[in-house]
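Here's the structure, in structure tokens; my notes come after.
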Amino acid sequence: MSTDLNSPRSRIAIIGGGIIGLSIGWRLAQAGLSVDLFERDQVGQSASRAAAGMLAAAVEAEPGEQTLVPLCVASREMWPAFAQELEAASGLPVGLRQEGTMVVALTRDDVETLRSNYDYQRSLGLEMEWLTGAAAKEREPFLNPRTAAAVYSPRDGQVDNRLASAALRVALEKAGGRIHEGVTVTGLEMAGSRVTGVRLGDHVHAADQVVLAAGAWSRLLPGLPVPPPVRPVKGQMLSLQMDPAAPLLRHVVWGPKCYLVPRADGTLIVGATTEEKGFDNQMTAGGVLALLEATWRTLPGVEELPIKEMWHGFRPGCRDDAPILGWALGVEGLMLATGHHRNGILLTPITADAVAAMMLTGHVDERIRAFGPGRFAPARAA
Ligand SMILES: Cc1cc2nc3c(=O)[nH]c(=O)nc-3n(C[C@H](O)[C@H](O)[C@H](O)COP(=O)(O)OP(=O)(O)OC[C@H]3O[C@@H](n4cnc5c(N)ncnc54)[C@H](O)[C@@H]3O)c2cc1C
């Protein structure tokens, strides 16, 4: 399917104003399409606000993710140019930092796990460096003095996801897109098997193509013949306030059972729990205790830092932990861009470009071909 800018196929409705919906909307509006984005709350306030903003393509690579890793690496490599373009278009900073990421081991068991992950990640061709405990503490002097070893990943950085969402909002509107907040999409308007708009309660908004980017809520949109297999994966997080003039950390650091993300303003983000509890929206004592205990073990100096904020969010977890990018099965004109799980910030540039290209020209970027909704279609009997 392709879009002729002079044809009526150029009216786009986007369901969901997280970083994924906003970035796709920006790309389509830049190309001259008429874009309306519908967000039931305020844009950028769900998972895209809750995230830590790590661009952890290498250190998060786990066995079984051989297909996903190249997508993550490609998107990580797109972030510097994407950030620069977004900052220029919006006039707002996005807080991209490229000091790299360290994974630290404190005990002998941690070292063994680290070594096995390092061997696997290196076998995928990822750029990583093994550090002795002393070398790790040279880079980050406030790490636990017992730090036994670490891995340094020079290309895994971070972006401030809250700033990036705010910048995308401005860039989308400057490109001519319209954002409708406080508006829930209640269903799809159909003519046969083709989508012709979105339902907003009693009202119908006509559209030629619709993008479903509703994050963890994507499968709940009424009327989908094949709902995408996306579920909420709850994460609790908190942040501490460091002295920005004398921060305890410069790199993103993964310790045993926590990660620590230092922002330029001295905020130290601490994450995160991973919980299969549906849309349970409580912070729990156990969750916070586990995060603080793991943080204190990794970086003992945090003891005196004030707690700044605590929050939780819902990762849009997909059945195979990879995103769903492509035309929906059973609904002509419906594009799926969801299921980004723990990598949605990292995968924003490639998602935006590849999804927009599919909608504008019909071209399927080779790098996303494996992530279409067809992979979940029931196998046909021989
Ligand atoms: C604790 C935590 C830590 C994370 N850390 C990282 C990280 O370090 N790096 C990384 O790359 N990723 C991280 N992620 C993952 C990342 O946040 C997500 O993958 C990404 O934000 C998904 O973006 P989205 O736009 O798909 O979803 P969301 O940001 O959740 O946006 C979806 C939007 O759709 C709206 N919506 C839903 N239904 C409707 C409807 N019917 N009508 C209108 N609007 C609707 C919702 O209100 C919501 O605003 C983390 C996630 C969590 C929870």
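Numbering of residues begins at 1 and proceeds along the displayed sequence. Just so it is clear, the structure is predicted and the values come from calculations on it, not from any experiment. One-based numbering, in listed order, for ligands and for the atoms of each.
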So, 4.0 Å and heavy atoms of Thr338: is ligand 1 close enough to count as a contact? no
Going through the checks in order, is the salt bridge (Lys or Arg N to Asp or Glu O under 4.0 Å) test met by Glu129 and Arg122? CA-CA 9 Å; Glu129 194 184 323; Arg122 293 266 300 186; over 6 Å; no
Quick one: does any side-chain atom of Asp156 pair with a main-chain N or O of Gly100 as donor and acceptor, under 3.5 Å? no
Structural part of Arg40 in contact with ligand 1, heavy atom criterion under 4.0 angstrom: both
Is it true that Asp321 and Arg342 make a salt bridge, defined as a side-chain N closer than 4.0 Å to a carboxylate O? no
Would you mind running through ligand 1 and noting each atom that sits below 4.0 Å from a heavy atom of Leu346? 10 (C), 11 (O)
Who's closest to atom 38 (N) of ligand 1 heavy-atom-wise, of Pro222, Ala214, Ala56? Ala214
Using 4.0 Å as the upper bound for N to carboxylate O, is an ion pair formed by Glu99 and Arg139? no
Enumerated ligand 1 atoms positioned under 4.0 Å from heavy atoms of Gly53: 7 (C), 8 (O)
Only heavy atoms of Gly344, strictly under 4.0 Å: list the atoms of ligand 1 that pass. 10 (C), 11 (O), 12 (N), 15 (C), 16 (C), 18 (C), 19 (O), 20 (C)
Taking a cutoff of less than 4.0 Å between a non-hydrogen atom of the residue and any ligand atom, is Gly271 in contact with ligand 1? no
Checking heavy-atom distances from atom 49 (O) of ligand 1 to each of Glu39, Gln158, Gln45, the winner is Glu39
Donor-acceptor pair between Thr273 and Glu275 side chains, under 3.5 angstrom: yes
Proximal atoms of ligand 1 relative to Asn343 (non-hydrogen, under 4.0 Å): 10 (C), 11 (O), 12 (N)
So, Asn144 side chain and Leu299 main chain: donor-acceptor pair closer than 3.5 Å or not? no
Just jot down the ligand 1 atoms closer than 4.0 angstrom to any heavy atom of Gly313, in number order. 53 (C)
Which of these, Ser48, Ala52, Gly215, has its nearest heavy atom closest to atom 29 (O) of ligand 1? Ser48
Please identify which atoms of ligand 1 are closer than 4.0 Å to at least one heavy atom of Phe38. 43 (C), 44 (N)
Start with the C-alpha gap between Glu276 and Arg231, add the side-chain angles, then the distance that decides, and say whether salt bridge (Lys or Arg N to Asp or Glu O under 4.0 Å) holds. CA-CA 9 Å; Glu276 297 284 354; Arg231 70 185 193 288; 2.7 Å; yes
Can you tell which part of Tyr259 has a heavy atom less than 4.0 Å from ligand 1: side chain, backbone, both or neither? side chain
Among protein heavy atoms, which sits nearest to atom 31 (O) of ligand 1, and what does the distance come to when rounded to 0.1 Å? Gly18 CA, 3.3 Å
Ile345 N/O under 3.5 Å from ligand 1 N/O: yes
Under 3.5 Å, is there a donor on one side chain and an acceptor on the other for Thr107 and Asp109? no
Do Ser90 and Lys174 have side-chain N/O donor and acceptor atoms under 3.5 Å apart? no
When rounded to the nearest 0.5 angstrom, what distance separates CG in Leu238 from OG1 in Thr295? 6.5 Å
Under 4.0 angstrom from ligand 1, any heavy atom of Val183? yes
Side chain to side chain contact (heavy atoms under 4.5 Å, CB included) with Met54: which of Val59, Ile269, Asn161, Val261? Val261
Atoms in ligand 1 flagged as close to Thr184, the criterion being non-hydrogen separation under 4.0 Å: 41 (N), 42 (N)
Are side-chain N/O atoms of Thr284 and Gln236 paired as donor and acceptor at under 3.5 Å? yes
With heavy atoms of Ile19 as the reference, note each atom of ligand 1 found under 4.0 Å away. 23 (O), 25 (O)
Option of least heavy-atom distance to atom 14 (N) of ligand 1 (set: Ala164, Ala51, Ala57): Ala51
Report yes or no: does Pro316 have a heavy atom closer than 4.0 Å to ligand 1? yes
What part of Trp217, side chain, backbone, both or neither, has a heavy atom within less than 4.0 angstrom of ligand 1? side chain
